[in-house]
Amino acid sequence: MEELLPAILKTLFIIAIAVGAFAPIITWVERKQSAVMQDRIGANRADIAGITLLGLLHPLADVLKLLTKEDVVPRGANRFLHMAAPLIAAIPVIASFAVIPYGGLYEFGETTIHLVVADLDWGILYIFAIASIATYGTVISGWASNNNWSLLGSLRASAQMISYEVTMGLSIVGLFMAFQTLRLTDMAVAQDASFRLLGFLEHFGWIQTLPGWLSWIQLPNWGLFLQPLGFVMFLTCVMAENKRPPFDLPEAESELVAGYFTEYSGMRFGLFYMSEFIEVVVIAALTTALFLGGWAIPFLPQETLIGAVSPVFGTGVATGLCMVLHVLTFFLKVIVMIWLQMQIRWTLPRPRYDQVMDLCWKIMLPLSLANIVVTALVILLITGGTS
Amino acid sequence: MLAEYTGAVVILLVSTILAGALLGVHLLLGPRREFAEKNEPFECGEKPIVSPKQRFTVKFYIVAMLFLLFDVEAMFFYPWGALFTELGWFGFWAMMPFLGILVVGLTYEWGKGALEW
(Lines give C-alpha, C1' and ligand atoms only; values in the text may rest on other atoms or scores of the structure.)
Protein backbone atom coordinates (compact mmCIF):
# COMPACT_ATOMS: atom_id res chain seq x y z
CA MET A 1 0.00 0.00 0.00
CA GLU A 2 3.03 2.27 -0.27
CA GLU A 3 1.54 3.58 -3.56
CA LEU A 4 -1.51 4.98 -1.80
CA LEU A 5 -0.05 8.13 -0.23
CA PRO A 6 1.79 9.37 -3.36
CA ALA A 7 -1.32 8.62 -5.43
CA ILE A 8 -3.49 10.69 -3.09
CA LEU A 9 -0.99 13.58 -3.06
CA LYS A 10 -0.65 13.61 -6.85
CA THR A 11 -4.44 13.43 -7.27
CA LEU A 12 -4.99 16.33 -4.89
CA PHE A 13 -2.29 18.36 -6.67
CA ILE A 14 -3.74 17.96 -10.15
CA ILE A 15 -7.35 18.44 -8.97
CA ALA A 16 -6.40 21.52 -6.95
CA ILE A 17 -4.75 23.06 -10.00
CA ALA A 18 -7.20 21.98 -12.70
CA VAL A 19 -10.51 22.15 -10.84
CA GLY A 20 -9.59 24.62 -8.11
CA ALA A 21 -7.58 27.15 -10.10
CA PHE A 22 -7.82 26.70 -13.88
CA ALA A 23 -11.55 26.00 -14.22
CA PRO A 24 -12.74 29.06 -12.21
CA ILE A 25 -10.20 31.32 -13.85
CA ILE A 26 -11.18 30.32 -17.37
CA THR A 27 -14.84 31.12 -16.63
CA TRP A 28 -13.47 34.62 -16.02
CA VAL A 29 -11.21 34.45 -19.10
CA GLU A 30 -14.21 33.44 -21.19
CA ARG A 31 -16.13 36.58 -20.19
CA LYS A 32 -13.15 38.88 -20.31
CA GLN A 33 -11.86 37.63 -23.66
CA SER A 34 -15.29 37.91 -25.26
CA ALA A 35 -15.49 41.43 -23.86
CA VAL A 36 -12.13 42.37 -25.34
CA MET A 37 -13.03 40.86 -28.72
CA GLN A 38 -16.41 42.62 -28.76
CA ASP A 39 -15.14 45.98 -27.46
CA ARG A 40 -16.91 45.77 -24.08
CA ILE A 41 -15.60 46.02 -20.51
CA GLY A 42 -16.68 42.58 -19.34
CA ALA A 43 -17.05 41.11 -15.87
CA ASN A 44 -15.84 43.68 -13.32
CA ARG A 45 -18.63 44.17 -10.75
CA ALA A 46 -18.23 41.46 -8.09
CA ASP A 47 -16.26 42.88 -5.16
CA ILE A 48 -15.31 42.25 -1.55
CA ALA A 49 -15.15 45.58 0.32
CA GLY A 50 -14.64 47.45 -2.94
CA ILE A 51 -11.79 45.26 -4.21
CA THR A 52 -12.71 43.78 -7.60
CA LEU A 53 -9.38 42.24 -8.75
CA LEU A 54 -10.27 42.86 -12.44
CA GLY A 55 -13.43 40.80 -11.96
CA LEU A 56 -11.60 37.73 -10.73
CA LEU A 57 -14.11 37.44 -7.88
CA HIS A 58 -16.92 36.57 -10.33
CA PRO A 59 -16.23 32.81 -10.27
CA LEU A 60 -16.52 32.93 -6.45
CA ALA A 61 -19.79 34.84 -6.69
CA ASP A 62 -21.04 32.28 -9.24
CA VAL A 63 -20.35 29.35 -6.94
CA LEU A 64 -22.03 31.03 -3.97
CA LYS A 65 -25.06 31.90 -6.07
CA LEU A 66 -25.36 28.41 -7.56
CA LEU A 67 -25.08 26.82 -4.10
CA THR A 68 -27.89 28.92 -2.62
CA LYS A 69 -30.42 28.63 -5.48
CA GLU A 70 -33.56 26.54 -5.25
CA ASP A 71 -33.32 23.02 -6.63
CA VAL A 72 -36.28 22.53 -8.99
CA VAL A 73 -37.25 19.13 -10.38
CA PRO A 74 -39.98 19.40 -13.04
CA ARG A 75 -43.24 17.48 -12.80
CA GLY A 76 -43.07 14.07 -14.45
CA ALA A 77 -39.28 13.91 -14.32
CA ASN A 78 -37.49 10.82 -13.10
CA ARG A 79 -36.14 12.15 -9.80
CA PHE A 80 -33.30 9.66 -9.41
CA LEU A 81 -31.95 9.97 -12.95
CA HIS A 82 -32.45 13.74 -12.90
CA MET A 83 -30.20 13.82 -9.84
CA ALA A 84 -27.67 11.32 -11.18
CA ALA A 85 -27.13 12.90 -14.62
CA PRO A 86 -24.97 15.88 -13.55
CA LEU A 87 -22.82 13.57 -11.44
CA ILE A 88 -22.37 11.18 -14.38
CA ALA A 89 -21.39 14.16 -16.55
CA ALA A 90 -18.94 15.71 -14.08
CA ILE A 91 -17.12 12.78 -12.43
CA PRO A 92 -15.55 11.20 -15.57
CA VAL A 93 -14.27 14.59 -16.75
CA ILE A 94 -12.32 15.11 -13.50
CA ALA A 95 -11.18 11.48 -13.45
CA SER A 96 -9.65 11.69 -16.93
CA PHE A 97 -6.72 13.61 -15.45
CA ALA A 98 -5.48 10.29 -14.02
CA VAL A 99 -3.25 9.26 -16.92
CA ILE A 100 -2.06 12.68 -18.13
CA PRO A 101 1.62 13.11 -17.17
CA TYR A 102 2.36 16.61 -15.88
CA GLY A 103 6.01 15.80 -15.26
CA GLY A 104 8.55 13.08 -15.99
CA LEU A 105 10.37 10.56 -13.85
CA TYR A 106 12.86 12.03 -11.34
CA GLU A 107 15.31 10.16 -9.15
CA PHE A 108 16.40 11.61 -5.83
CA GLY A 109 18.83 9.02 -4.55
CA GLU A 110 16.64 6.16 -3.30
CA THR A 111 13.25 7.69 -3.98
CA THR A 112 11.78 8.25 -7.42
CA ILE A 113 9.04 10.70 -8.18
CA HIS A 114 6.84 9.95 -11.17
CA LEU A 115 4.53 12.88 -11.85
CA VAL A 116 1.47 11.07 -13.17
CA VAL A 117 -1.44 9.82 -11.09
CA ALA A 118 -1.77 6.42 -12.78
CA ASP A 119 0.81 5.23 -15.31
CA LEU A 120 -1.35 2.80 -17.32
CA ASP A 121 0.14 1.13 -20.39
CA TRP A 122 -3.16 1.66 -22.27
CA GLY A 123 -3.41 5.26 -21.02
CA ILE A 124 -5.08 6.80 -24.05
CA LEU A 125 -7.78 4.11 -24.05
CA TYR A 126 -8.51 4.95 -20.40
CA ILE A 127 -9.20 8.55 -21.43
CA PHE A 128 -11.51 7.49 -24.28
CA ALA A 129 -13.31 4.98 -22.07
CA ILE A 130 -13.81 7.45 -19.21
CA ALA A 131 -14.73 10.35 -21.50
CA SER A 132 -17.45 8.39 -23.29
CA ILE A 133 -19.20 7.78 -19.95
CA ALA A 134 -19.88 11.53 -19.90
CA THR A 135 -22.13 10.99 -22.95
CA TYR A 136 -24.50 9.05 -20.68
CA GLY A 137 -24.78 12.11 -18.45
CA THR A 138 -26.12 14.27 -21.28
CA VAL A 139 -28.42 11.57 -22.66
CA ILE A 140 -29.88 10.74 -19.23
CA SER A 141 -30.32 14.41 -18.31
CA GLY A 142 -32.35 15.05 -21.46
CA TRP A 143 -34.46 11.94 -21.13
CA ALA A 144 -35.12 12.30 -17.39
CA SER A 145 -36.23 15.96 -17.55
CA ASN A 146 -39.65 15.33 -19.19
CA ASN A 147 -39.08 18.37 -21.41
CA ASN A 148 -39.14 18.58 -25.20
CA TRP A 149 -36.18 20.93 -25.45
CA SER A 150 -34.10 18.74 -23.18
CA LEU A 151 -34.86 15.62 -25.17
CA LEU A 152 -34.03 17.28 -28.51
CA GLY A 153 -30.82 18.66 -27.06
CA SER A 154 -29.75 15.33 -25.64
CA LEU A 155 -30.51 13.54 -28.93
CA ARG A 156 -28.35 16.03 -30.77
CA ALA A 157 -25.66 15.73 -28.11
CA SER A 158 -25.57 11.93 -28.25
CA ALA A 159 -25.41 11.78 -32.05
CA GLN A 160 -22.73 14.47 -32.20
CA MET A 161 -20.60 13.01 -29.42
CA ILE A 162 -20.61 9.42 -30.67
CA SER A 163 -19.92 10.53 -34.24
CA TYR A 164 -16.90 12.56 -33.26
CA GLU A 165 -15.67 9.79 -30.96
CA VAL A 166 -15.00 7.59 -34.02
CA THR A 167 -12.97 10.28 -35.78
CA MET A 168 -11.19 11.23 -32.57
CA GLY A 169 -10.02 7.64 -32.16
CA LEU A 170 -8.89 7.31 -35.76
CA SER A 171 -7.17 10.70 -35.98
CA ILE A 172 -4.47 9.79 -33.46
CA VAL A 173 -3.64 6.29 -34.74
CA GLY A 174 -0.86 7.98 -36.75
CA LEU A 175 0.56 9.24 -33.46
CA PHE A 176 0.68 5.72 -32.00
CA MET A 177 2.51 4.60 -35.13
CA ALA A 178 5.05 7.41 -34.77
CA PHE A 179 5.71 6.83 -31.05
CA GLN A 180 5.03 3.05 -30.94
CA THR A 181 3.11 3.20 -27.67
CA LEU A 182 -0.29 3.83 -26.10
CA ARG A 183 1.26 4.93 -22.80
CA LEU A 184 1.09 8.70 -22.37
CA THR A 185 4.23 8.87 -20.19
CA ASP A 186 6.27 7.07 -22.88
CA MET A 187 4.94 9.49 -25.48
CA ALA A 188 6.09 12.44 -23.38
CA VAL A 189 9.57 10.90 -23.02
CA ALA A 190 9.73 10.28 -26.79
CA GLN A 191 8.86 13.94 -27.38
CA ASP A 192 11.72 15.10 -25.13
CA ALA A 193 14.06 15.00 -28.14
CA SER A 194 14.48 16.73 -31.46
CA PHE A 195 15.11 15.72 -35.07
CA ARG A 196 16.87 17.41 -37.97
CA LEU A 197 14.27 18.78 -40.36
CA LEU A 198 16.28 17.90 -43.49
CA GLY A 199 17.80 14.70 -42.10
CA PHE A 200 15.79 12.58 -44.55
CA LEU A 201 17.95 13.88 -47.43
CA GLU A 202 20.96 12.20 -45.82
CA HIS A 203 18.94 9.15 -44.83
CA PHE A 204 18.00 8.31 -48.41
CA GLY A 205 21.47 9.20 -49.67
CA TRP A 206 20.24 12.08 -51.83
CA ILE A 207 22.88 14.29 -50.23
CA GLN A 208 26.08 12.87 -48.71
CA THR A 209 26.31 15.32 -45.82
CA LEU A 210 24.17 18.35 -45.27
CA PRO A 211 25.99 21.67 -45.40
CA GLY A 212 26.63 22.98 -41.89
CA TRP A 213 23.87 25.47 -41.38
CA LEU A 214 21.20 23.23 -42.92
CA SER A 215 21.93 20.43 -40.48
CA TRP A 216 21.38 22.87 -37.63
CA ILE A 217 17.71 23.34 -38.51
CA GLN A 218 15.97 21.19 -35.92
CA LEU A 219 12.43 20.65 -34.74
CA PRO A 220 11.35 19.18 -31.40
CA ASN A 221 10.14 15.61 -31.80
CA TRP A 222 6.56 16.68 -31.03
CA GLY A 223 3.38 15.09 -32.28
CA LEU A 224 2.43 18.45 -33.76
CA PHE A 225 5.34 18.26 -36.22
CA LEU A 226 5.07 14.51 -36.87
CA GLN A 227 1.28 14.52 -37.33
CA PRO A 228 0.10 18.06 -38.26
CA LEU A 229 -3.13 16.83 -39.86
CA GLY A 230 -3.75 14.54 -36.89
CA PHE A 231 -3.40 17.52 -34.55
CA VAL A 232 -5.97 19.62 -36.40
CA MET A 233 -8.45 16.75 -36.62
CA PHE A 234 -7.96 15.67 -33.01
CA LEU A 235 -8.46 19.21 -31.71
CA THR A 236 -11.63 19.60 -33.81
CA CYS A 237 -12.99 16.29 -32.53
CA VAL A 238 -12.32 16.90 -28.84
CA MET A 239 -13.82 20.39 -29.12
CA ALA A 240 -16.92 18.86 -30.71
CA GLU A 241 -17.00 16.29 -27.89
CA ASN A 242 -16.97 19.11 -25.38
CA LYS A 243 -20.11 20.68 -26.97
CA ARG A 244 -18.78 24.22 -26.57
CA PRO A 245 -19.20 26.79 -29.34
CA PRO A 246 -18.80 26.53 -32.32
CA PHE A 247 -20.08 22.97 -31.76
CA ASP A 248 -22.77 23.92 -29.21
CA LEU A 249 -25.67 22.49 -31.25
CA PRO A 250 -26.97 20.44 -28.27
CA GLU A 251 -27.52 23.57 -26.21
CA ALA A 252 -28.15 26.09 -29.01
CA GLU A 253 -29.88 28.87 -27.07
CA SER A 254 -31.65 30.33 -30.09
CA GLU A 255 -33.28 27.00 -30.97
CA LEU A 256 -33.46 24.79 -27.87
CA VAL A 257 -33.56 27.22 -24.89
CA ALA A 258 -30.58 25.53 -23.20
CA GLY A 259 -30.70 22.01 -24.64
CA TYR A 260 -30.28 19.06 -22.33
CA PHE A 261 -29.88 21.12 -19.12
CA THR A 262 -32.94 23.34 -19.62
CA GLU A 263 -34.62 21.87 -16.51
CA TYR A 264 -31.58 22.14 -14.26
CA SER A 265 -31.03 24.79 -11.64
CA GLY A 266 -28.57 25.59 -8.88
CA MET A 267 -25.55 23.35 -8.47
CA ARG A 268 -27.09 20.62 -10.64
CA PHE A 269 -26.73 23.04 -13.54
CA GLY A 270 -23.44 24.14 -12.01
CA LEU A 271 -22.00 20.65 -12.36
CA PHE A 272 -22.77 20.62 -16.11
CA TYR A 273 -21.32 24.12 -16.45
CA MET A 274 -18.25 23.20 -14.38
CA SER A 275 -17.62 19.97 -16.29
CA GLU A 276 -17.57 21.90 -19.56
CA PHE A 277 -14.85 24.20 -18.26
CA ILE A 278 -12.89 21.35 -16.66
CA GLU A 279 -13.06 19.58 -20.00
CA VAL A 280 -11.45 22.61 -21.61
CA VAL A 281 -8.52 22.02 -19.25
CA VAL A 282 -8.58 18.27 -19.97
CA ILE A 283 -8.47 18.95 -23.72
CA ALA A 284 -5.61 21.39 -23.27
CA ALA A 285 -3.67 18.94 -21.09
CA LEU A 286 -4.34 16.00 -23.40
CA THR A 287 -3.33 17.81 -26.60
CA THR A 288 -0.26 19.07 -24.75
CA ALA A 289 0.70 15.55 -23.69
CA LEU A 290 0.01 14.06 -27.13
CA PHE A 291 1.07 16.77 -29.56
CA LEU A 292 2.98 19.54 -27.79
CA GLY A 293 5.63 17.48 -26.05
CA GLY A 294 4.00 17.33 -22.61
CA TRP A 295 6.44 18.54 -19.98
CA ALA A 296 9.40 18.57 -22.41
CA ILE A 297 11.33 21.81 -22.81
CA PRO A 298 12.15 22.22 -26.52
CA PHE A 299 15.82 21.50 -27.42
CA LEU A 300 16.70 20.88 -23.74
CA PRO A 301 16.38 17.15 -22.91
CA GLN A 302 16.20 16.09 -19.28
CA GLU A 303 19.73 14.55 -19.20
CA THR A 304 21.28 17.67 -20.75
CA LEU A 305 19.60 19.94 -18.23
CA ILE A 306 20.54 17.78 -15.22
CA GLY A 307 24.04 17.27 -16.62
CA ALA A 308 24.57 21.00 -17.03
CA VAL A 309 23.35 22.02 -13.57
CA SER A 310 24.57 19.13 -11.37
CA PRO A 311 28.34 19.99 -11.44
CA VAL A 312 27.52 23.36 -9.87
CA PHE A 313 24.73 22.56 -7.39
CA GLY A 314 24.78 18.77 -7.07
CA THR A 315 22.48 16.17 -8.59
CA GLY A 316 19.67 16.59 -6.05
CA VAL A 317 19.20 20.29 -6.68
CA ALA A 318 19.56 19.78 -10.44
CA THR A 319 16.84 17.11 -10.49
CA GLY A 320 14.58 19.26 -8.35
CA LEU A 321 15.10 22.25 -10.63
CA CYS A 322 14.43 20.07 -13.65
CA MET A 323 11.17 18.84 -12.07
CA VAL A 324 9.94 22.35 -11.30
CA LEU A 325 10.84 23.59 -14.78
CA HIS A 326 9.08 20.64 -16.41
CA VAL A 327 5.87 21.13 -14.43
CA LEU A 328 5.91 24.86 -15.22
CA THR A 329 6.52 24.12 -18.92
CA PHE A 330 3.58 21.71 -18.95
CA PHE A 331 1.19 24.22 -17.44
CA LEU A 332 2.47 26.97 -19.72
CA LYS A 333 1.61 24.81 -22.74
CA VAL A 334 -1.78 24.03 -21.19
CA ILE A 335 -2.46 27.76 -20.86
CA VAL A 336 -1.55 28.27 -24.52
CA MET A 337 -3.98 25.51 -25.55
CA ILE A 338 -6.74 26.99 -23.37
CA TRP A 339 -6.15 30.37 -25.01
CA LEU A 340 -6.40 28.74 -28.46
CA GLN A 341 -9.72 27.11 -27.56
CA MET A 342 -11.11 30.39 -26.22
CA GLN A 343 -10.00 32.15 -29.39
CA ILE A 344 -11.77 29.55 -31.56
CA ARG A 345 -14.85 29.68 -29.33
CA TRP A 346 -15.29 33.44 -29.80
CA THR A 347 -14.22 33.58 -33.45
CA LEU A 348 -16.26 30.96 -35.31
CA PRO A 349 -20.06 31.00 -35.72
CA ARG A 350 -22.18 27.94 -35.02
CA PRO A 351 -22.67 25.65 -38.05
CA ARG A 352 -25.97 23.93 -38.95
CA TYR A 353 -26.50 20.41 -37.63
CA ASP A 354 -26.13 18.74 -41.04
CA GLN A 355 -22.86 20.62 -41.54
CA VAL A 356 -21.55 19.32 -38.22
CA MET A 357 -22.39 15.73 -39.16
CA ASP A 358 -21.02 16.15 -42.70
CA LEU A 359 -17.75 17.50 -41.33
CA CYS A 360 -17.41 14.39 -39.18
CA TRP A 361 -18.54 11.56 -41.47
CA LYS A 362 -17.78 12.92 -44.94
CA ILE A 363 -14.62 14.97 -44.43
CA MET A 364 -12.74 13.98 -41.30
CA LEU A 365 -13.41 10.23 -41.32
CA PRO A 366 -12.00 9.68 -44.87
CA LEU A 367 -9.16 12.12 -44.08
CA SER A 368 -8.21 10.27 -40.90
CA LEU A 369 -8.18 6.94 -42.75
CA ALA A 370 -5.97 8.49 -45.45
CA ASN A 371 -3.74 9.90 -42.72
CA ILE A 372 -3.19 6.37 -41.35
CA VAL A 373 -2.21 5.00 -44.78
CA VAL A 374 0.13 7.89 -45.56
CA THR A 375 1.77 7.67 -42.11
CA ALA A 376 2.24 3.91 -42.57
CA LEU A 377 3.88 4.39 -45.98
CA VAL A 378 6.20 7.14 -44.72
CA ILE A 379 7.31 5.04 -41.72
CA LEU A 380 7.93 2.04 -43.98
CA LEU A 381 9.98 4.17 -46.40
CA ILE A 382 12.13 5.53 -43.55
CA THR A 383 12.68 2.22 -41.72
CA GLY A 384 12.86 0.18 -44.93
CA GLY A 385 10.10 -2.13 -43.69
CA THR A 386 12.43 -4.40 -41.75
CA SER A 387 11.77 -5.22 -38.14
CA MET B 1 0.41 -5.74 -11.21
CA LEU B 2 -2.73 -4.00 -10.03
CA ALA B 3 -0.68 -1.40 -8.13
CA GLU B 4 -0.61 0.94 -11.13
CA TYR B 5 -4.40 1.20 -10.94
CA THR B 6 -4.24 2.68 -7.42
CA GLY B 7 -4.08 6.20 -8.83
CA ALA B 8 -7.04 5.66 -11.15
CA VAL B 9 -9.18 4.38 -8.27
CA VAL B 10 -8.07 7.24 -6.01
CA ILE B 11 -8.90 9.93 -8.58
CA LEU B 12 -12.30 8.34 -9.27
CA LEU B 13 -13.07 8.37 -5.53
CA VAL B 14 -11.86 11.95 -5.06
CA SER B 15 -13.85 13.25 -8.04
CA THR B 16 -16.97 11.41 -6.85
CA ILE B 17 -16.59 12.94 -3.38
CA LEU B 18 -15.98 16.40 -4.86
CA ALA B 19 -19.01 16.34 -7.18
CA GLY B 20 -21.19 14.71 -4.53
CA ALA B 21 -20.17 17.28 -1.92
CA LEU B 22 -21.01 20.20 -4.23
CA LEU B 23 -24.44 18.71 -4.93
CA GLY B 24 -25.00 17.88 -1.25
CA VAL B 25 -24.15 21.40 -0.04
CA HIS B 26 -26.49 22.80 -2.68
CA LEU B 27 -29.35 20.57 -1.52
CA LEU B 28 -28.75 21.71 2.09
CA LEU B 29 -28.42 25.45 1.39
CA GLY B 30 -31.04 25.93 -1.33
CA PRO B 31 -34.55 27.09 -0.37
CA ARG B 32 -37.62 24.90 -1.01
CA ARG B 33 -40.73 26.76 -2.16
CA GLU B 34 -42.55 24.42 -4.49
CA PHE B 35 -45.89 25.08 -6.17
CA ALA B 36 -47.59 23.49 -9.15
CA GLU B 37 -46.78 26.12 -11.77
CA LYS B 38 -43.09 26.25 -10.90
CA ASN B 39 -42.72 22.51 -11.36
CA GLU B 40 -44.25 22.57 -14.84
CA PRO B 41 -41.68 21.56 -17.51
CA PHE B 42 -40.42 24.68 -19.32
CA GLU B 43 -42.15 25.24 -22.66
CA CYS B 44 -41.52 28.98 -23.22
CA GLY B 45 -44.33 29.96 -20.86
CA GLU B 46 -46.98 27.70 -22.43
CA LYS B 47 -48.52 24.53 -21.06
CA PRO B 48 -46.73 21.59 -22.74
CA ILE B 49 -49.11 20.03 -25.28
CA VAL B 50 -47.03 17.04 -26.38
CA SER B 51 -45.10 14.67 -24.15
CA PRO B 52 -41.43 14.27 -25.00
CA LYS B 53 -41.70 10.51 -24.48
CA GLN B 54 -42.57 9.62 -28.05
CA ARG B 55 -40.97 8.52 -31.28
CA PHE B 56 -38.18 10.60 -32.79
CA THR B 57 -36.45 10.59 -36.15
CA VAL B 58 -34.78 7.37 -37.28
CA LYS B 59 -31.55 9.20 -38.23
CA PHE B 60 -30.35 9.10 -34.63
CA TYR B 61 -30.66 5.29 -34.63
CA ILE B 62 -28.70 5.08 -37.87
CA VAL B 63 -25.91 7.24 -36.47
CA ALA B 64 -25.79 5.06 -33.35
CA MET B 65 -25.45 1.92 -35.51
CA LEU B 66 -22.72 3.50 -37.66
CA PHE B 67 -20.93 4.52 -34.47
CA LEU B 68 -20.97 0.95 -33.16
CA LEU B 69 -19.57 -0.41 -36.45
CA PHE B 70 -16.85 2.16 -36.88
CA ASP B 71 -15.81 2.45 -33.26
CA VAL B 72 -15.29 -1.29 -32.90
CA GLU B 73 -13.34 -1.30 -36.16
CA ALA B 74 -11.28 1.69 -35.05
CA MET B 75 -10.27 -0.25 -31.93
CA PHE B 76 -8.40 -2.77 -34.13
CA PHE B 77 -6.11 0.01 -35.34
CA TYR B 78 -4.79 0.73 -31.85
CA PRO B 79 -2.65 -2.35 -31.13
CA TRP B 80 -1.67 -2.47 -34.81
CA GLY B 81 -0.51 1.16 -34.70
CA ALA B 82 1.42 0.68 -31.47
CA LEU B 83 3.33 -2.29 -32.96
CA PHE B 84 3.63 -0.95 -36.50
CA THR B 85 7.41 -0.64 -36.94
CA GLU B 86 7.89 -4.17 -35.60
CA LEU B 87 5.38 -5.58 -38.07
CA GLY B 88 6.84 -3.77 -41.09
CA TRP B 89 5.48 -4.47 -44.58
CA PHE B 90 3.72 -7.62 -43.32
CA GLY B 91 1.65 -5.53 -40.93
CA PHE B 92 0.93 -3.01 -43.67
CA TRP B 93 -0.41 -5.59 -46.14
CA ALA B 94 -2.30 -7.37 -43.36
CA MET B 95 -4.18 -4.19 -42.47
CA MET B 96 -4.91 -2.86 -45.96
CA PRO B 97 -7.73 -5.36 -46.79
CA PHE B 98 -9.35 -4.50 -43.46
CA LEU B 99 -9.07 -0.80 -44.23
CA GLY B 100 -10.44 -1.50 -47.72
CA ILE B 101 -13.54 -3.19 -46.26
CA LEU B 102 -13.97 -0.19 -43.96
CA VAL B 103 -13.79 2.21 -46.92
CA VAL B 104 -16.21 0.10 -48.97
CA GLY B 105 -18.64 0.11 -46.05
CA LEU B 106 -18.36 3.88 -45.71
CA THR B 107 -18.88 4.38 -49.45
CA TYR B 108 -21.96 2.10 -49.37
CA GLU B 109 -23.51 4.04 -46.47
CA TRP B 110 -22.69 7.30 -48.19
CA GLY B 111 -24.32 6.12 -51.43
CA LYS B 112 -27.38 4.81 -49.58
CA GLY B 113 -27.85 8.25 -48.00
CA ALA B 114 -27.31 7.12 -44.40
CA LEU B 115 -25.04 10.12 -43.87
CA GLU B 116 -27.56 12.70 -45.15
CA TRP B 117 -29.30 14.95 -42.62
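So you know, we letter chains A, B, ... as the sequences are listed, proteins then strands, and number each from 1. What you see is a predicted model, and the numbers here were worked out from it, not measured in a lab.
- With respect to chain B, the highest number of heavy-atom pairs below 4.5 Å among A:Ser96, A:Ala178, A:Ala159, A:Pro92 belongs to A:Ala159.
- With a 4.5 angstrom heavy-atom cutoff, B:Leu18 touches chain A only via side-chain atoms.
- Of the listed residues (A:Ile130, A:Asp354, A:Asn147, A:Val117), the greatest number of heavy-atom pairs within a distance under 4.5 Å of chain B belongs to A:Asn147.
- Minimum interatomic distance between B:Leu29 and A:Leu67 (heavy atoms only, all atoms of both residues): CB-O, 3.6 Å.
- For A:Thr181, the part lying near chain B is the backbone, with the side chain staying farther off; criterion is any non-hydrogen pair under 4.5 Å.
- Between A:Lys362 and B:Glu116 there is a salt bridge, with a side-chain nitrogen of the basic residue lying less than 4.0 Å from a carboxylate oxygen of the acidic one.
- Classification of the A:Trp122-B:Tyr5 ring pair by plane angle, with boundaries at 30° and 60°, yields tilted.
- Contacts between B:Met95 and chain A at a heavy-atom distance below 4.5 Å are absent for every atom of the residue.
- Of the candidates A:Thr375, A:Ile372, A:Leu380, B:Phe84 forms a side chain to side chain contact (heavy atoms under 4.5 Å, CB included) with just one, namely A:Leu380.
- In terms of non-hydrogen atom pairs under 4.5 Å with chain B, the most contact-rich of A:Asp71, A:Thr68, A:Thr262 is A:Asp71.
- Aromatic ring centres of A:Trp361 and B:Phe67 lie farther apart than the 6.0 Å criterion allows.
- For B:Val9, no part lies under 4.5 angstrom from a heavy atom of chain A.
- Comparing A:Gln180, A:Met177, A:Lys69, A:Met83 by heavy-atom pairs within less than 4.5 Å of chain B, the highest count is held by A:Gln180.
- At a 4.5 Å heavy-atom cutoff, the contact between B:Leu106 and chain A is made by side-chain atoms alone.
- Both the backbone and the side chain of B:Phe77 come within less than 4.5 Å of a heavy atom in chain A.
- Between chain B and the options A:Ile94, A:Leu175, A:Val93, heavy-atom pairs under 4.5 Å are most frequent for A:Ile94.
- Contact annotation for B:Leu102: only side-chain heavy atoms (C-beta onward) come within less than 4.5 Å of a heavy atom of chain A.
- Only the side chain of B:Leu27 comes within contact range of chain A, with heavy atoms under 4.5 Å apart.
- Distance CZ/B:Phe70 to OG1/A:Thr167: 9.5 Å, rounded to 0.5 Å.
- Contact annotation for B:Leu115: both backbone and side-chain heavy atoms come within less than 4.5 Å of a heavy atom of chain A.
- Between B:Ala19 and A:Leu271 the shortest heavy-atom distance is O-CD1, 4.1 Å.
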Does the side-chain contact (heavy atoms from CB on, under 4.5 Å) test come out yes or no for B:Val25 and A:Met267, once each step is laid out? CA-CA 9 Å; B:Val25 170; A:Met267 206 61 208; over 6 Å; no
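- Minimum heavy-atom separation, A:Ser163 to B:Val63: OG-CG1, 3.4 Å.
- Using the six-membered ring where Trp is involved, B:Tyr78 and A:Phe128 have ring planes that are perpendicular, over 60° apart on the 30 and 60° scheme.
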